[in-house]
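Below: the structure, in structure tokens.
Within every chain, numbering begins at 1; the chains are lettered A, B, ... in the order of the sequence lines, protein sequences first and strands thereafter. Only a predicted model underlies this, so the values are computations on that prediction, with no experimental measurement involved.
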Protein chains: 2
Amino acid sequence: MTAQRRVVAEVLDGEHVHLTADEVHAQAVTKLPEISRATVYNTLGELVSLGEVLEVATDKRAKRYDPNAHRPHHHLVCAQCGAIRDVHPTGNPLADLPDTERFGFTVSDVEVTYRGVCPNCASA
Amino acid sequence: MTAQRRVVAEVLDGEHVHLTADEVHAQAVTKLPEISRATVYNTLGELVSLGEVLEVATDKRAKRYDPNAHRPHHHLVCAQCGAIRDVHPTGNPLADLPDTERFGFTVSDVEVTYRGVCPNCASA
DNA sequence: TCCTGCATTGGATTTAATCCAAATCAATCA
DNA sequence: TGATTGATTTGGATTAAATCCAATGCAGGA
């Protein structure tokens, strides 16, 4: 456990946190000025392999990192400003995929992204 | 309608087609040797604005383009080889998001990505 | 304290996508 | 048919995200 990793872990803390690698780096720099981008990428990669952090690809730009890996959830994204909230739908989408639609795959996971307009953008 | 656009449209034809821009360009070149990447990107962008083609971001690498825009569907992705199939789950995931989980958003769309292992990779 | 091996650094590289000005082409009209 | 015009295409440069790599630094154990 190095200072750099601690800082990255600190930045990635809280609910509804979905930062890009660059944003993580920007915040990390304020706490540890010499930290390099490569280290941030390395650490994020390790956290993902350890299952502590999830990669989410809600927009088509940079990957985002979601520290809320231990409680399963999905995402609600504002189509205008890109704001992201964690959501917990009822029901089990896995059960909604009939065998005839599985093409012989062993299906193990499902990812749901809701899109809409957030209250902020709606009122603007 | 130019020769270039016709070629891009021809490449993007069929079921379960989910090519990256580069793959579209590579196939387009075999039919029209001097077509440029910029034109492929331009044309894909126009097709997306017209609603004829969907962008899908199933992996975190390049965007993929899905010509099957007129019948709504979701995707089943092989975690190992990246193969993608179009699937049609039963049920309506939109209905599974309670008001208390909408954070004031106007939710209009939902995108579901199933992940698993395809028969090919499973037998290898 | 001294080693040893992993972590970090930063700069170069790769990949995807976009931008831009110049050249080209398709469609219309006389 | 030939000229005009405005949209399209081109390719090279540029941006952005991510990765790679060799050299350096550092944490933790003996």
Side-chain angles (χ1 to χ4, degrees), chain A residues 1-12 17-67 75 77 79 81-82 84 113, chain B residues 1-12 17-50 52-67 75 77 79-82 84 113:
Chain A
M1 176 59 67
T2 64
Q4 287 83 350
R5 292 185 185 189
R6 201 175 316 111
V7 166
V8 170
E10 277 172 32
V11 170
L12 279 179
V17 170
H18 310 88
L19 299 169
T20 65
D22 250 24
E23 289 165 351
V24 172
H25 178 249
Q27 292 194 29
V29 161
T30 69
K31 304 186 178 201
L32 189 67
E34 336 75 68
I35 193 171
S36 76
R37 274 182 180 72
T39 297
V40 171
Y41 276 105
N42 287 342
T43 305
L44 289 173
E46 283 157 21
L47 290 171
V48 170
S49 329
L50 290 172
E52 294 295 319
V53 165
L54 296 176
E55 276 181 3
V56 295
T58 48
D59 62 13
K60 296 94 188 171
R61 312 190 69 77
K63 292 182 213 173
R64 294 180 173 275
Y65 293 88
D66 181 340
H75 292 111
V77 181
C81 70
I84 304 177
T113 304
Chain B
M1 176 58 69
T2 63
Q4 287 83 351
R5 294 185 183 188
R6 199 175 318 112
V7 165
V8 169
E10 276 173 34
V11 169
L12 278 178
V17 170
H18 310 89
L19 299 169
T20 65
D22 249 26
E23 290 165 349
V24 172
H25 178 248
Q27 291 194 30
V29 161
T30 69
K31 303 186 177 201
L32 188 66
E34 278 320 303
I35 192 171
S36 78
R37 274 182 181 74
T39 297
V40 171
Y41 276 105
N42 288 343
T43 305
L44 290 173
E46 283 158 21
L47 290 170
V48 169
S49 328
L50 290 172
E52 293 295 318
V53 165
L54 296 176
E55 276 181 3
V56 296
T58 48
D59 63 13
K60 297 93 189 172
R61 311 189 69 78
K63 292 182 213 171
R64 293 180 174 275
Y65 293 88
D66 182 339
H75 292 113
V77 181
Q80 281 176 42
C81 69
I84 305 176
T113 305

Between C:dT8 atom C1' and A:Glu46 atom CD, what is the distance in whole Å?
-> 11 Å
Spacing between A:Glu34 atom CD and C:dA7 atom C1', to the nearest angstrom = 14 Å
Checking all strands, does A:Arg5 fall into the base, sugar-phosphate, or nothing category for heavy-atom contacts under 4.0 angstrom?
-> sugar-phosphate
With the side chain counted from C-beta on, respond yes when B:Tyr65 and B:Leu12 share a heavy-atom pair under 4.5 Å apart, and no when they do not.
-> yes
Closest approach of A:Ala62 to A:Thr20 (non-hydrogen atoms, all atoms of both residues) = CB-CG2, 3.9 Å
Between atom CG in A:Asp22 and atom P in D:dT15, what is the gap in whole Å?
-> 15 Å
Euclidean distance, atom CZ of residue A:Arg6 to atom P of D:dC26 [Å, nearest integer] | 14 Å
Do A:Glu10 and A:Lys31 sit within salt-bridge range, that is, some charged N less than 4.0 Å from a carboxylate O?
-> yes
Check the distance between D:dA17's C1' and A:Glu55's CD and give it to me in whole angstrom.
-> 12 Å
Please check the phosphate of D:dT10 (OP1 and OP2 only) for any side-chain N or O of B:Gln4 closer than 4.0 Å.
-> yes
Picking from C:dG10, D:dT10, D:dT9, the nucleotide nearest the side-chain atoms of B:Thr2 would be D:dT9
Rounded to the nearest angstrom, tell me the gap between atom NE2 in A:His25 and atom C1' in C:dG11.
-> 13 Å
Looking for any heavy atom pair under 4.0 Å, which part of the strands does B:Arg61 touch: base, sugar-phosphate only, or nothing?
-> nothing
Whole angstrom value for the distance that separates C1' of D:dT24 from CG of A:Asn42 = 15 Å
Phosphate OP1/OP2 of D:dT19: any A:Lys63 side-chain N/O under 4.0 Å = yes
D:dA18 phosphate, OP1 or OP2, under 4.0 Å from A:Tyr41 side-chain N/O = yes
Rounded to whole angstrom units, what separation is found between the CZ atom of A:Arg37 and the P atom of C:dT13?
-> 18 Å
With the side chain of A:Ser36 defined as its heavy atoms from C-beta on, choose the nearest nucleotide among D:dG11, C:dT9, D:dT19.
-> C:dT9
Please check if atom CD in B:Glu34 has more than 12 non-hydrogen atoms from other residues, nucleotides or ligands closer than 6.0 Å.
-> no
Which nucleotide, D:dT19, C:dT9, D:dA17, lies nearest any side-chain atom of A:Thr39?
-> C:dT9
Between A:Arg64 and A:His18, what is the shortest heavy-atom contact and its length?
-> NH1-O, 2.7 Å
Counting side-chain heavy atoms from C-beta on, which of C:dA17, C:dT9, D:dT8 comes nearest to A:Ala38?
-> C:dT9
